[in-house]
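All chains are named by letter (A, B, ...) in the order of the sequence lines, taking the proteins before the strands, and each is independently numbered beginning at 1. Only heavy atoms go into these numbers, but all of them, side chains included; no hydrogens, no water, no symmetry mates.
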2 protein chains.
Amino acid sequence: MAKRATVADVAALAKVSSATVSNVIGNRSGKVSTRTRQRVLEAISALNYTYNENAATLRSNKSNIIGLVIHDLSNPYYTELIAKINRQLAKKGYATILACSDENLESQQSYLHLMQRHNALAVLLCPTWDTSGEHLAAWHDLSPTITFLRPVGSHESDFIGIDNYQAAYDLTRQLIADGHRQLAFIGGSQSSRLRRQRLQGWKDAHEDAGISWNDAHILYCSSSMSAGSAAVMQLFQQTSDVTALVCYQDIVAFGAMNALHYMGKTVGGEIAVTGFDGLSDAEGWLPSLTTAEVQIAVLAEHIVDRLLARLEKPQEPPSVTLLHAHIHWRASSHGDVDSSHAR
Amino acid sequence: MAKRATVADVAALAKVSSATVSNVIGNRSGKVSTRTRQRVLEAISALNYTYNENAATLRSNKSNIIGLVIHDLSNPYYTELIAKINRQLAKKGYATILACSDENLESQQSYLHLMQRHNALAVLLCPTWDTSGEHLAAWHDLSPTITFLRPVGSHESDFIGIDNYQAAYDLTRQLIADGHRQLAFIGGSQSSRLRRQRLQGWKDAHEDAGISWNDAHILYCSSSMSAGSAAVMQLFQQTSDVTALVCYQDIVAFGAMNALHYMGKTVGGEIAVTGFDGLSDAEGWLPSLTTAEVQIAVLAEHIVDRLLARLEKPQEPPSVTLLHAHIHWRASSHGDVDSSHAR
DNA sequence: TTGTATGCGTTATCAG
DNA sequence: CTGATAACGCATACAA
């Protein structure tokens with residue numbers, strides 16, 4: 001294992017100073033002549049030189065590391081999002097340190113600490129539910145935090161989220177307009193703020209239509225297909241008059257549809273099902289799933305853009321962005337419709 | 001944004017030398033008296049000192065970063081695995097830089113380069129299919145590579161994988177023993193070596209039982225539920241005599257079952273379905289899915305153990321580990337059985 | 001047990 | 001445009 005070549009080695013071979021080599025590497029414009037740059041590049045390749053990020057970060061106090069801390073890696077929505085963010089950052093030359101808090105605040109804080117130790121330029125955070133403003137304030141001075149999807153109360157930081165209330169309201173209103181009178185709301189956990197927003201939209205759509213809901217039709221379940229199945233099986237053991245299921249997430253909706261099929265009920269005709277997320281599998285599901293989508297690519301783009309803007313102007317006041325979901329009306333919520341046209 | 005405190009600052013406040021502070025931080029046993037350590041720890045907390053990994057890595061030439069490069073982040077099997085590996089490494093004090101190659105060799109190589117620039121201690125790699133030994137050799141000298149799940153031809157590196165052939169063989173043999181004569185094999189891509197292994201097991205089980213298979217019943221599809229649905233819809237448009245589906249992955253099996261339900265066929269009784277992976281959703285699916293499982297936690301543990309062993313003894317010859325899958329026989333492959341007993 | 005001195009590989013400063 | 005030199009924060013060999 002031969003020692004790695006250093007800037008000094010390259011400089012020696014190219015017969016220039018190490019400062020010049022550094023300028024070539026850093027691509028600092030107008031600092032070095034074309035001829036010299038050429039010689040340096042040749043030397044770099046001849047020596048198989050590898051840049052040392054640690055030394056550079058130490059000296060310049062600017063790393064190329066972005067921390068990405070998330071609470072859940074088992075939900076495809078998040079993993080697709082991570083993949084997209086990761087790719088966009090890599091394209092800009094940043095490396096991502098990933099951490100998963102597993103909905104554990106202590107673990108999240110320890111990961112945030114880790115990011116600081118590595119001089120992370122910034123941290124992208126989808127926080128645990130019990131995260132409060134004070135938990136972030138400590139880090140925010142050192143590297144800016146951008147939160148997404150889950151808002152943190154009482155803290156001034158950039159936030160990119162989704163207009164959950166409106167999407168749930170629109171979904172529910174349309175189902176009611178379609179004639180449904182007994183609707184269920186399936187999924188989410190008690191501590192979830194997102195769930196509260198979506199559920200509020202569901203309730204308000206009821207109220208505005210002048211119909212009442214049944215609290216027994218509001219069920220919690222964890223974020224998995226089997227949990228969705230189980231919840232729906234339970235629901236129909238108690239009641240049989242529900243005709244529409246508004247699911248908290250697409251994966252819960254998949255599980256719900258699985259349970260309905262299993263019980264011999266026809267999804268789309270007999271019982272309407274809607275999801276939330278716009279997973280790519282929603283369209284190819286049988287029947288295809290009506291869902292409220294904020295394209296993951298769009299969300300990722302907003303997050304990365306906000307990050308870059310924040311790095312440019314650290315002092316600007318934080319901004320809050322709410323992305324509007326597009327509802328894809330598909331067969332799962334209407335017997336014979338199978339298009340993405342908004343109605 | 002106040003400047004971060006350094007070892008020197010801590011040393012000054014605690015009235016000791018920087019070397020002593022370093023020893024306290026590094027927890028080097030027996031190097032510092034309890035009284036002094038106490039003073040140093042107080043100073044650290046008083047100054048809100050944060051360790052600088054970059055400086056430490058530069059000086060000692062030993063980072064705490066493990067690279068994790070994977071080809072796919074949309075498959076829950078991989079993301080669950082990543083989450084587990086991540087957690088275990090964090091517990092040992094390592095940070096993980098995650099990268100997703102998206103099955104693109106060039107992108108993978110650029111990420112491996114990134115890991116080197118950060119002085120990654122080691123790299124855990126699930127390589128793209130077109131990765132060959134030479135692609136890894138260049139990095140392997142600097143930081144050892146441990147490959148998993150997908151073998152790389154012609155390269156001597158540590159490898160942790162699954163005995164795919166045997167599991168597929170066992171699954172298929174049992175289905176044949178159950179009386180099935182027309183079996184299909186669904187899923188995987190043409191370039192996949194894993195697929196070849198599993199398919200070979202499927203074929204050999206046929207041969208050993210003295211029955212023949214139909215090449216039209218061997219279908220490719222990508223790794224998603226909807227792709228599985230589509231493949232099965234297509235299969236049954238051509239033929240109707242297939243009674244058992246051996247699916248390449250659990251998610252493909254989920255999609256397949258969705259399609260079967262949709263066509264009004266009874267899974268378990270009329271048509272048997274088996275998966276591969278042992279996703280947690282497999283058990284809660286309706287009907288529950290027969291699958292060949294290597295517990296993700298166990299796999300993660302093997303990978304991390306191998307990594308630690310490699311860091312201990314860099315010169316040991318590389319080792320290849322094949323984990324044996326356990327087959328959970330569940331309702332999807334047998335009308336009324338719903339247990340995990342091997343038969 | 002504690003302190004002193006040096007260097008890791010890079011970038012920043014300033015002089016030529 | 002190029003070069004000499006210092007400094008980033010820490011770990012380590014060695015001296016005390």
Heavy atoms under 4.0 Å, any strand shown: does [X] hit a base, just sugar-phosphate, or nothing?
{"X": "A:Ser22", "answer": "base"}
{"X": "B:Val16", "answer": "sugar-phosphate"}
{"X": "A:Lys15", "answer": "sugar-phosphate"}
{"X": "B:Arg117", "answer": "nothing"}

**Message:** Please determine whether the number of non-hydrogen atoms from other residues, nucleotides or ligands lying under 6.0 Å from atom CZ of B:Arg35 exceeds 12.
**Reply:**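 Result for CZ/B:Arg35: open.
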How long is the line joining [atom1] of [X] and [atom2] of [N], in whole Å?
{"X": "A:Asn27", "N": "C:dT11", "atom1": "CG", "atom2": "C1'", "answer": "15 Å"}
{"X": "A:Glu53", "N": "C:dT10", "atom1": "CD", "atom2": "C1'", "answer": "11 Å"}
{"X": "B:Tyr51", "N": "D:dG9", "atom1": "OH", "atom2": "P", "answer": "14 Å"}
{"X": "A:Ile25", "N": "C:dT11", "atom1": "CD1", "atom2": "C1'", "answer": "10 Å"}
{"X": "A:Asn119", "N": "C:dT10", "atom1": "CG", "atom2": "C1'", "answer": "14 Å"}
{"X": "B:Asn64", "N": "D:dA11", "atom1": "CG", "atom2": "P", "answer": "11 Å"}
{"X": "A:Asn61", "N": "C:dT10", "atom1": "CG", "atom2": "P", "answer": "17 Å"}
{"X": "A:Gln38", "N": "D:dC1", "atom1": "CD", "atom2": "C1'", "answer": "17 Å"}

**Request:** Compute whether any side-chain donor of one residue and acceptor of the other, for B:Ser107 and B:Ser110, lie under 3.5 angstrom apart.
**Result:**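 Side chains of B:Ser107 and B:Ser110: no pair found under 3.5 Å.
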**Message:** Under a 3.5 Å threshold, yes or no: a donor from one side chain and an acceptor from the other, between A:Thr57 and A:Asn119?
**Reply:**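 The answer is no; no qualifying pair exists.
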**Message:** Side chain of B:Ser17, heavy atoms from C-beta onward: which of D:dA11, C:dT10, C:dG3 has the nearest atom to it?
**Reply:**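 For B:Ser17, the side-chain atoms sit closest to C:dG3.
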**Request:** In sequence, state the C-alpha distance, the side-chain angles, and the governing distance for B:Gln108 and B:Val69, and then conclude on side-chain contact (heavy atoms from CB on, under 4.5 Å).
**Result:** CA-CA 7 Å; B:Gln108 171 181 289; B:Val69 184; 4.3 Å; yes
**Item:** Ring centroid separation A:His302 to A:Phe148 under 6.0 Å
**Value:**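 Aromatic pair excluded; centres sit 6.0 Å or further apart.
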Main-chain N/O of [Y] paired with [X] side-chain donor or acceptor, under 3.5 Å:
{"X": "A:Arg310", "Y": "A:Ala122", "result": "no"}
{"X": "A:Thr6", "Y": "A:Ala8", "result": "yes"}
{"X": "B:Thr20", "Y": "B:Val16", "result": "no"}

**N or O in side chain of A:Arg35 less than 4.0 angstrom from D:dC1 OP1/OP2** =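 For D:dC1, OP1/OP2 do not have a side-chain N/O of A:Arg35 under 4.0 Å.
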**Item:** Phosphate OP1/OP2 of D:dG9 contacted by B:Ser18 side-chain N/O (<4.0 Å)
**Value:**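 Checking B:Ser18 against D:dG9: no side-chain N or O falls below 4.0 Å of OP1 or OP2.
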**Message:** Is there a side-chain contact (heavy atoms from CB on, under 4.5 Å) between B:Asn52 and A:Arg117? Walk through the geometry before answering.
**Reply:** CA-CA 5 Å; B:Asn52 186 327; A:Arg117 292 167 30 146; over 6 Å; no
Check nucleotides 13-16 of chain D against the protein and report each pair of N or O atoms closer than 3.5 Å, with its distance, or say if there are none.
none

**Asked** Once you build an axis from the first five pairs and another from the last five of the helix from C:dT1-D:dA16 to C:dG16-D:dC1, how far apart in angle are they, to 10 degrees?
**Response**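 Computed from the C1' atoms at both ends, the axes differ by 30°.
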**Asked** Given that A:Arg39 and B:Asn52 both sit by DNA chain D, which one's nearest nucleotide is further toward the 5' end?
**Response**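 Result of the comparison: A:Arg39.
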**Item:** Nearest-nucleotide comparison on DNA chain D, the residue closer to the 5′ end among B:Thr57 and A:Asn23
**Value:**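 Of the two residues, A:Asn23 wins.
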**Request:** Supply the atom-to-atom distance A:Leu98 CG to B:Leu68 CG, rounded to the nearest 0.5 angstrom.
**Result:**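 So the CG of A:Leu98 and the CG of B:Leu68 are separated by 8.5 Å.
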Report each atom pair, protein N/O against N/O of nucleotides 6-8 of chain C, whose distance is under 3.5 angstrom.
from	atom 1	to	atom 2	distance (Å)
C:dG7	N2	B:Arg59	NE	3.2
C:dG7	N2	B:Arg59	NH1	2.8
C:dG7	N3	B:Arg59	NH1	2.8
C:dC8	O2	B:Arg59	N	3.4

**Message:** If the threshold is 4.0 Å, N to carboxylate O, is there a salt bridge linking A:Glu103 and A:Arg150?
**Reply:**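 Salt bridge flag = yes for A:Arg150 with A:Glu103.
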**Asked** How close do A:Leu322 and A:Ile162 get, heavy atom to heavy atom, and via which atoms?
**Response**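 Nearest heavy atoms, A:Leu322 then A:Ile162: CD2-O, 3.6 Å.
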